[in-house]
2 protein chains.
Amino acid sequence: MSKFEASNTDLTKNQNLVMGALSQANGPLSAYTILDELREHGFRAPLQVYRALDKLVELGLVHRLESLNAFVACQHSSCGGDKRENVLFAICETCGKVQELVDERLLDTVKNLAENEDFSLSKSVIELRGKCGSCQPS
Amino acid sequence: MSKFEASNTDLTKNQNLVMGALSQANGPLSAYTILDELREHGFRAPLQVYRALDKLVELGLVHRLESLNAFVACQHSSCGGDKRENVLFAICETCGKVQELVDERLLDTVKNLAENEDFSLSKSVIELRGKCGSCQPS
DNA sequence: GCAATGATGTAATATAATAACATCACATTT
DNA sequence: AAATGTGATGTTATTATATTACATCATTGC
Ligand SMILES: [Zn+2]
Ligand SMILES: [Zn+2]
Ligand SMILES: [Zn+2]
Ligand SMILES: [Zn+2]
């Protein structure tokens, strides 16, 4: 059972519609793209999307990609909040696909660095840009 | 001699004005804030700012902070291009100050991770959010 | 019923970035 | 000097992203 299905029942109608759009997509979507896709379901204004997204991000079901101004469904089962201290994203600049990664070593390195710099870390934004395996010349 | 002064002469009038605004600021500035600050110098439209910023970023004199939609003057002397493979930013959510960091170990970890995932890395966006030393309760 | 709360609807506005096209400054060539 | 090419600049309009303000609706508890 996917995370989406699991929390399905707890979500409101609009949250469910937005979550559905993101789950079906094979990549990140902008808020306005989501709005367009949901017009047939009665959506009329950006705020309907942004309000749902806010909640979904808070729940850890969706992540915001800062370098794209876009949103993507969580690909894990362990993202409990919006802190995003423990995930990073590899964004393919060719096909647009996004892979959500967890890497303990990277996480440790970041924590360590922050500590050394006397920086009290609340959240890490790590977004790698490049080419995914499928898009590289073989 | 700062990097700004060093390349001063190579920059155009508008590039110099934008670079000056960013150098004087003690934190990141949005493009529209820069525009407002430069109105007294004849700036009228966003494009005048964005064109200058594009060039400055390309030269490595300025970095774009993706999670803030803002720009900050480079704090190093070694940022030769806009790839930003080798820098990261610690952004204080309290005072807004930004520290540009270089960390070989983090860089290596990222490169390593990308390799393991068969991801051909072109650029890393790493922006830490939290509290800087001055803003932490002592 | 009635108040409190959370979700939703709607319009307007704010903020960030780009497109399209005209003009200017200056160097090179003829 | 005149013609040409190139890069920088100016200007207007438009697109893209996100938030503010306020009205309405639904559910729950009293
Ligand atoms: Zn996740
Ligand atoms: Zn790809
Ligand atoms: Zn730099
Ligand atoms: Zn601070």
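Per chain, numbering begins at 1; letters A, B, ... match sequence-line order.
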DNA chain C nearest-nucleotide lookup for B:F71 and A:G42: closer to the 5′ end is A:G42
All heavy atoms of A:C132 vs all of A:C95, minimum pair found to be SG-SG, 3.8 Å
Does the pair B:D36/B:R39 count as a salt bridge with the N-to-O cut at 4.0 Å?
yes
From A:F43 CZ over to A:N14 CG, what is the distance, rounded to the nearest 0.5 angstrom?
3.5 Å
Between atom CG in A:D10 and atom P in C:dA7, what is the gap in whole Å?
12 Å
Rounded to the nearest 0.5 Å, what's the gap from CZ on B:R105 to CG on A:N112? Could you check?
5.0 Å
Just to be sure I understand the geometry, which residues of residues 44-52 of chain A put a non-hydrogen atom under 4.0 Å away from DNA chain D?
A:L47, A:Y50
May I have the distance from A:L11 (atom CG) to C:dT8 (atom C1'), rounded to whole angstrom?
16 Å
Any ion pair linking A:R129 and A:E127 (charged N to carboxylate O, less than 4.0 Å)?
no
Could you tell me the separation between the CZ atom of B:F43 and the C1' atom of D:dT12, rounded to a whole number of Å?
17 Å
Rounded distance (Å) that lies between atom P of D:dT17 and atom CZ of A:R64:
10 Å
Does any non-hydrogen side-chain atom of B:E100 lie less than 4.5 Å from one of B:L65?
no
Rounded distance in Å - CG (B:N69) to C1' (D:dT17):
9 Å
So for the helix from C:dG1-D:dC30 to C:dT30-D:dA1, with five pairs setting each end axis, what is the inter-axis angle to 10°?
10°
OG of A:S124 to CG of A:L88, rounded to nearest 0.5 Å, is 9.5 Å
Among B:L22, B:L29, B:V72, which one satisfies side chain to side chain contact (heavy atoms under 4.5 Å, CB included) with B:V62?
B:L22
Between atom CZ of B:F71 and atom CG of B:L61, what is the distance when rounded to the nearest 0.5 Å?
14.0 Å
Between A:I34 (CD1) and D:dA16 (P), how many Å, whole number?
16 Å
In whole Å, I'd like the distance from the OH atom of A:Y32 to the C1' atom of D:dT15.
11 Å
CG/A:N86 to CG/A:L106 distance, rounded to the nearest 0.5 angstrom?
11.0 Å
Once rounded to the nearest 0.5 Å, what's the spacing between atom CG of B:D54 and atom CG of B:L47?
8.5 Å
Atom pairs, N/O to N/O, protein against nucleotides 5-8 of chain D, distance under 3.5 Å?
none

Please give, in whole Å, the distance from D:dT19 C1' to A:L53 CG?
14 Å
